[in-house]
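What follows is one structure encoded as structure tokens, with my remarks underneath.
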Amino acid sequence: RCHTALSDEEAEHADVEGALYYIRYPFADSAGHVTVATTRPETMLGDVAIAVNPDDAERRPLVGRHLILPIAELEIPIIADEHVEAGFGTGFVKITPAHDADDFEVGRRHDLATPIVMTADARMADAALGGKPGGRVPAPFFGMDRFEARKAIVAALKEKGLLEKVETRLHAVRHCYRCDTVVEPRLSEQWFVTMEPLAAPALEAYRKGQVRFIPERRGDEFEQWLTGIRDWNISRQLWWGHRIPVWYCEQCGLVSALREDPAACAACGGAMHQDEDVLDTWFSSWLWPFSTLGWPERTEDLARYYPTDVLVTAPEIIFFWVARMIMAGLHFLGRVPFHTVYLHGTVRDTHHVKMSKSLGNGIDPLEVVQRYGADALRFAVTSGLAVGTDIILDPHDLDASFASGRNFANKLWNVGRLLLSTLGEAPVPPLASLPDERLTLADRWILARLAAVAGETTEHLEKFRLNDAVGTPYHFLWDDFADWYLEEIKPRLRGEAPGGDAARVVAAHAFDRVLRLLHPGMPFITEELFRKLPGNGAASIMVAPWPGADAGRADPEAERDFAFVQAVVDAVRAIRADYGVKPGQKVAATVGRAPAWGLDAVRRERHLVDRLAQLSGLEDGGARPAAGPGAHAVLPGGADLFVALGGGVIDLARECEKLRAEATRLGTQLDAVRAKLANETFRSRAPADVVARETEKEQQWSAKRDAIAAKLAALGCA
RNA sequence: GGGCGAAUAGCUCAGCUGGUCCAGAGCGCCUGCCUUACACGCAGGAAGUCGGGGGUUCGAAUCCCUCUUCGCCCACCA
């Protein structure tokens with residue numbers, strides 16, 4: 001349909017259910033016939049021979065005899081050629097040099113004619129007759145479309161009794177990658193680029209590690225393609241594009257490829273005309289890495305920006321573009337244009353079909369932007385980009401794909417609103433100006449988390465784990481910063497608890513840094529919020545330094561202590577929900593059998609615990625488990641939690657059962673870990689740190705089980 | 001036909017060098033809350049024989065083999 005020549009890369013194979021026609025070609029000088037199978041009977045008009053395998057003892061003797069080509073009514077010879085595979089099909093193959101690439105090679109070996117029997121728009125016509133019926137294409141078929149002609153020819157053969165049988169079979173048919181029309185092989189004159197000399201250096205560069213592909217297996221495809229590279233047809237019979245810079249002399253026939261339009265033939269001074277064809281669009285694209293920088297001039301830009309680092313593109317474009325850019329870069333500039341090629345996934349629908357405008361299974365990004373926001377779109381897509389995977393989106397349920405991005409954008413914005421409303425206009429002092437002793441446990445904890453998150457995010461980005469690179473700061477912002485830290489500092493910021501200044505500094509710092517970490521995934525909102533932060537003024541987050549692990553401060557002790565605080569709050573909340581305690585109703589809790597550091601942590605974060613757990617009081621229960629009427633729980637390290645619930649809401653039997661169930665579950669795990677530790681082969685073969693970890697697990701769990709046992713006893717559970 | 005990849009909660013997917021994975025997330029689902037940043041939210045919860053079978057290992061969602069299903073790349077079998 002495009003009416004142009006294509007390169008091999010532009011022809012896509014698709015399995016199609018087709019018919020295999022068995023056609024009889026009668027002998028010219030005697031009775032009898034040979035049978036030939038073809039999927040494209042209309043091309044028989046262009047047949048110039050029938051071939052058999054040279055080693056085919058049975059058919060070999062027929063070589064040299066002549067057959068009548070039906071319909072065209074011409075005599076054609078039987079020849080021998082190794083192209084024919086012995087024992088396959090009927091053993092006879094029709095040779096149509098002008099309409100099949102293999103047959104062309106056969107024809108060349110045997111010096112056969114190459115009659116063309118179709119026009120450029122796939123209508124039947126003998127090219128030798130210049131648009132008149134006759135010759136190889138008899139009048140009844142002249143001008144027919146190739147597929148109509150197929151039917152007509154089959155019908156004619158049937159009538160003459162020359163159609164032996166028809167079988168259906170699946171076979172690979174080449175389609176145009178642009179218009180999906182079946183590609184018709186047809187002999188024509190085209191310009192080619194000899195690829196082997198270009199491919200060799202590219203192959204060498206790849207094998208030396210100068211270019212790497214992510215995911216790695218794409219590199220194998222690249223290597224495979226370069227290894228078996230075929231010459232590149234660059235002529236296109238299209239009306240747009242760069243015209244091929246080849247001129248033909250009208251007098252002496254000189255053919256010259258020239259950089260400037262010639263006034264006259266260099267050899268004889270005759271008039272010249274330029275080739276009518278245009279270049280394959282990829283023929284200009286492969287120069288992109290340097291032609292955009294001013295090449296062939298030796299510009300400053302070229303010196304500075306070539307080569308670049310990473311090319312991000314789609315996998316289906318590796319051969320069209322990526323490989324050719326590498327070849328062109330090496331050829332014209334002697335260096336690969338980029339050291340890393342990141343191939344991202346393809347967006348598909350729920351049936352895993354690639355989304356496309358022509359199929360109508362796509363999602364309109366503008367609609368998504370309208371309904372969910374540009375950041376939500378980018379975030380949702382990036383979140384799905386694990387290395388080497390495709391992205392499946394449901395065009396009929398946009399919420400399923402994009403709600404989370406929108407929700408997060410909204411969350412981030414609201415965190416910003418809260419902070420900005422309390423930070424005020426004046427620049428916040430830098431974190432470095434804050435002496436360590438002014439930091440509370442929560443401050444130290446969030447800075448420790450920030451350090452870890454900044455380090456992890458950086459590592460994810462460097463390894464192209466984009467989903468993790470956006471997911472890590474996402475969880476930090478939401479689960480740590482918003483859910484815990486902001487709740488912790490609210491009273492401090494309002495002056496209801498001490499340490500407001502430190503809270504302001506730490507919060508501003510942590511928020512600023514997490515905005516930077518989130519910026520690749522949520523560019524617009526982070527930029528907007530960054531500019532609003534006091535003191536940032538017109539600065540853009542795009543050029544703000546990327547935070548490394550030193551954005552925060554590692555602090556294992558703070559992490560341990562704050563985790564204890566969180567465990568207490570979580571346990572009380574679970575109990576409240578379990579017993580349906582009214583949201584506003586305060587309860588009193590007791591923490592017993594707790595390590596000194598844990599009690600200290602809870603004491604220091606009392607304002608947080610009280611507020612989040614809605615406590616009226618929090619007491620140290622000492623060394624003995626609580627036994628009064630109320631709800632009971634045991635924290636991970638074995639600490640005892642008791643929430644006094646009066647008014648008959650407590651069912652003692654239920655409490656016992658709950659605790660017993662937990663003891664049973666814990667018992668199974670303990671047995672497993674103890675068996676492991678008792679196993680001599682494990683102790684001797686497993687790495688020391690693994691053994692240490694298992695030992696610690698055993699201690700933690702047995703402490704917790706002892707605590708539960710003690711509690712069961714104290715409660716008098718049978 | 002050759003090569004490669006994937007199968008994990010209802011859905012879409014993480015799980016990087018086998019051991020904090022008693023298997024996680026988002027969306028959906030159930031319960032309770034409009035708690036002055038956010039109901040696009042908060043709190044609590046249910047939900048999985050990690051496709052089937054076999055093997056290696058002290059230990060497997062993770063490594064190997066095999067089967068089944070899906071997908072990708074390459075390919076001149078008339």
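- When ring centroids are compared, Tyr25(A) and Phe92(A) stay outside the 6.0 Å threshold.
- The neighbour count for Gln370(A) CD, taken as heavy atoms of other residues, nucleotides or ligands under 6.0 Å away, does not exceed 12.
- For Pro583(A), whose side chain is taken as the heavy atoms from C-beta onward, the closest listed nucleotide among rC33(B), rG26(B), rA37(B) is rC33(B).
- Each of rC4(B), rG41(B), rA37(B) was ranked by its minimum atom distance to the side chain of Lys490(A); first place goes to rA37(B).
- Nucleic acid contact class of Tyr474(A) (heavy atoms, under 4.0 Å, all strands): sugar-phosphate only.
- Counting only heavy atoms from C-beta on, Ala400(A) has its side chain closest to rC27(B) among rC27(B), rC42(B), rA37(B).
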Give every pair of a protein N or O atom and an N or O atom of nucleotides 43-49 of chain B that lie under 3.5 Å apart, one pair per line with the distance.
none

Atom pairs under 3.5 Å: protein N/O with N/O of nucleotides 13-19 of chain B:
residue: rC16(B); atom: O2; partner: Arg465(A); partner atom: NE; Å: 3.2
residue: rC16(B); atom: O2; partner: Arg465(A); partner atom: NH1; Å: 2.2
residue: rC16(B); atom: O2; partner: Arg465(A); partner atom: NH2; Å: 2.4

If you restrict it to nitrogen or oxygen atoms, what contacts under 3.5 Å exist between nucleotides 73-78 of chain B and the protein, and what is each distance?
residue: rA75(B); atom: OP1; partner: Arg230(A); partner atom: NH2; Å: 3.0
residue: rC76(B); atom: OP1; partner: Arg230(A); partner atom: NH1; Å: 3.1
residue: rC76(B); atom: O4'; partner: Asp102(A); partner atom: OD2; Å: 3.4
residue: rC76(B); atom: O2'; partner: Asp102(A); partner atom: OD2; Å: 3.1
residue: rC76(B); atom: N1; partner: Asp102(A); partner atom: OD1; Å: 3.2
residue: rC76(B); atom: N1; partner: Asp102(A); partner atom: OD2; Å: 3.3
residue: rC76(B); atom: O2; partner: Asp102(A); partner atom: OD1; Å: 3.3
residue: rC76(B); atom: O2; partner: Asp102(A); partner atom: OD2; Å: 3.1
residue: rC77(B); atom: O2; partner: Glu85(A); partner atom: OE1; Å: 2.5
residue: rC77(B); atom: N3; partner: Glu85(A); partner atom: OE1; Å: 2.9
residue: rA78(B); atom: OP2; partner: Arg169(A); partner atom: NH1; Å: 3.4
residue: rA78(B); atom: O2'; partner: Ala37(A); partner atom: O; Å: 2.6
residue: rA78(B); atom: N6; partner: Glu85(A); partner atom: O; Å: 3.4
residue: rA78(B); atom: N6; partner: Phe88(A); partner atom: O; Å: 2.6
residue: rA78(B); atom: N1; partner: Glu85(A); partner atom: N; Å: 3.4

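- Between Trp701(A) and the phosphate of rU20(B), there is no side-chain N or O to OP1/OP2 separation shorter than 4.0 Å.
- Remark: Ala574(A) engages no residue in a side chain to side chain contact (heavy atoms under 4.5 Å, CB included) (not counting sequence neighbours).
- Of the two residues near RNA chain B, Ser401(A) and Asn679(A), the one whose nearest nucleotide lies more 5' is Ser401(A).
- No more than 12 heavy atoms of other residues, nucleotides or ligands lie within 6.0 Å of CD in Glu216(A), so this atom counts as exposed by the packing criterion.
- By the 4.0 Å N-to-carboxylate-O rule, Glu496(A) lies close enough to Arg494(A) to be salt-bridged with it.
- Contacts of Arg348(A) with the nucleic acid, taken as non-hydrogen atoms under 4.0 Å apart, involve only primed sugar atoms and P, OP1 or OP2.
- Base contact: Glu487(A) has a heavy atom under 4.0 Å from a base atom.
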Self-check item: Structure string for RNA chain B in dot-bracket form, Watson-Crick and G-U at under 3.5 Å, | interchain
Solution: (((((((..((((.....[....)))).(((((.......))))).....(((((..]....))))))))))))....
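- At rC38(B), none of the side-chain N or O atoms of Asn407(A) fall inside 4.0 Å of OP1 or OP2 (strictly under the cut-off).
- Not a single side chain to side chain donor-acceptor pair (under 3.5 Å) links Arg504(A) to another residue, sequence neighbours left out.
- Inspection of the Asp47(A) and Thr96(A) side chains reveals an N or O donor paired with an N or O acceptor under 3.5 Å.
- Ion pairing between Arg693(A) and Glu696(A) fails under the 4.0 Å rule for side-chain N and carboxylate O.
- The pair Glu698(A)-Lys676(A) does not meet the salt-bridge criterion, since no charged nitrogen lies less than 4.0 angstrom from a carboxylate oxygen.
- If you check every strand for non-hydrogen atoms under 4.0 Å, Arg406(A) touches a base.
- When all heavy atoms of Lys532(A) and Leu420(A) are compared, the closest pair comes out as O-CD2, 3.5 Å.
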